[in-house]
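Both ligands and their constituent atoms are indexed starting at 1 by order of listing. This structure is a prediction, so every number in the text was calculated from the model and none was measured. Atom set for the values below is all heavy atoms of this structure, side chains included, hydrogens, waters and symmetry mates excluded.
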Amino acid sequence: MTPEELLAFDREHVWHPYAPMPARHANHAVVSARGVRLTLADGTELIDGMSSWWAAIHGYDHPVLNAAIIDQLGRMAHVMFGGLTHPPAVELARTLLDLAPAGITKVFFADSGSVSVEVAIKMALQYWRARGVDRPRLLTVRGGYHGDTFGDMAVCDPVNGMHHLFTDVLASHVFAPEPPAGPDEAYTRELERLVAEHAHELAGIIAEPIVQGAGGMRFYDPSHLRTLRRLADEHGLLLILDEIATGFGRSGELWGADHAGVVPDIMCVGKALTGGYLSMAATLCTDGVAEGISASGEAPLMHGPTFMANPLAASVSLASLGLLAERDWRTEVKTIEAGLAAGLEEARAMPGVADVRTKGAIGVVQTEAPVDVQRVQAAAMAHGVWLRPFGRLIYTMPPYISTPEEVGRITAAMTAAARTLA
Ligand SMILES: *Cc1c(COP(=O)(O)O)cnc(C)c1O
């Protein structure tokens, strides 16, 4: 196919995320990627300000990650996980548990972040079922995002999520207001009231720790996470933390929960787990959760994806976690944070800009009105940068290997994009 034929067929026949079919706008064809750069079919090079949806933390075409997959490919690409196991899965589980907060001891491998949240919800529900207690609901906070499957959608923000499309079929959960950016006594009282009112029907509490990602790129005060942990303990509820976006250093700590010194009962990891190479996620939990589900002898955890613990994905995840352990990611993320804060400051005063904020390797320009995605993207691409804004958000989550110069290019592109709002 010529590049033109490829784009024409893509537009007519290939569905893209959150997009109509046929597509309203042509996509851009990428032919290769190396380091922090994507190369388009016409030879254009773009710095990837998105890390391919926050996953490619070590950049593209990394020799260590490539070698891990090639090496594993020489042994086996895949084998079923039912009744069989293999070194990459077991070694990855051990590495994950070494990294996870103390008390987290069990791993369930899922094939995507959304599925890992489904599994977390199922764990919480089965935990109570195994005790013969009917607790079918969860408490969560507004502004969250936990994935696109039905169980997950039901705990996503009810306004900016997809509730309005599926109100009649989604499970009904309890929503607390969005956690404020600073400490807030009134908010604490509201959480206390809501949990006390609903505790009898709640299996657990689910939230993204500190950073609310796709639900609005909001950062909230760690004290609210401590309140959720305290209330879960007081009422005997399970605390599920979705670390899919925050995990592996993105927010400046290894886990989002580390900002608050909180340990969840169940946690989800994904996105950066494989360094952005393949689809893999995991649901981790404590002995207590595993025992609670399994002790009654009633039903085991009823989940088992076909591609569970895929050896290629597990191998590249192990290599990615190895790279993370070797590199001074904390300093890299801090340096990126400083670069983002300095580079985006100028946008704060621009007309149409409501807020500018950074946390770890996350930089956000929030706009007053929903952005014209095509226009923002064109402005960023004119500066040699790939961005994928949504809603009122022009944001970046660059790869950790981004140099200060590359971060400067990204913030220049974002401010240029913000200038188009006027
Ligand atoms: C991206 C994301 C998910 C969904 O992960 P997928 O791999 O896209 O299914 C769930 N929770 C959070 C916090 C995410 O950022």
Ion pair E178/R218, N-O distance below 4.0 Å: yes
Ligand 1 N/O within reach of V115 N/O, cut-off under 3.5 Å: no
Whether W54 lies under 4.0 Å from ligand 1, heavy atom: yes
Closest protein heavy atom to atom 8 (O) of ligand 1, given as residue, atom name and distance to 0.1 Å: S114 OG, 4.4 Å
Parallel, tilted or perpendicular: rings of F166 and F150 (30°, 60°): perpendicular
Identity of the nearest option to atom 2 (C) of ligand 1, non-hydrogen atoms only, from K271, E118, M280: K271
Taking atom 5 (O) of ligand 1 as the reference point, the nearest protein heavy atom with its distance: G113 CA, 3.3 Å
Any donor-acceptor N/O pair, E406 side chain to T403 backbone, under 3.5 Å: yes
Aromatic plane relationship, H224 with Y220 - under 30° parallel, 30 to 60° tilted, over 60° perpendicular: tilted
Test item: side-chain donor near acceptor, D48 and Y60, under 3.5 Å: yes
Part of E208 within contact of ligand 1 (heavy atoms, under 4.0 Å): side chain
Ligand 1 atoms in contact with D242 (distance to a heavy atom under 4.0 Å): 10 (C), 11 (N), 12 (C), 13 (C)
Ligand-side contact atoms (ligand 1) for residue partner G147, heavy atom cut-off under 4.0 Å: 4 (C), 10 (C)
I57 backbone acceptor or donor facing S51 side chain under 3.5 Å: no
For H146, the ligand 1 atoms whose distance to one of its heavy atoms is below 4.0 Å: 10 (C), 11 (N)
R135 (side chain) donor-acceptor with G204 (main chain) under 3.5 angstrom: no
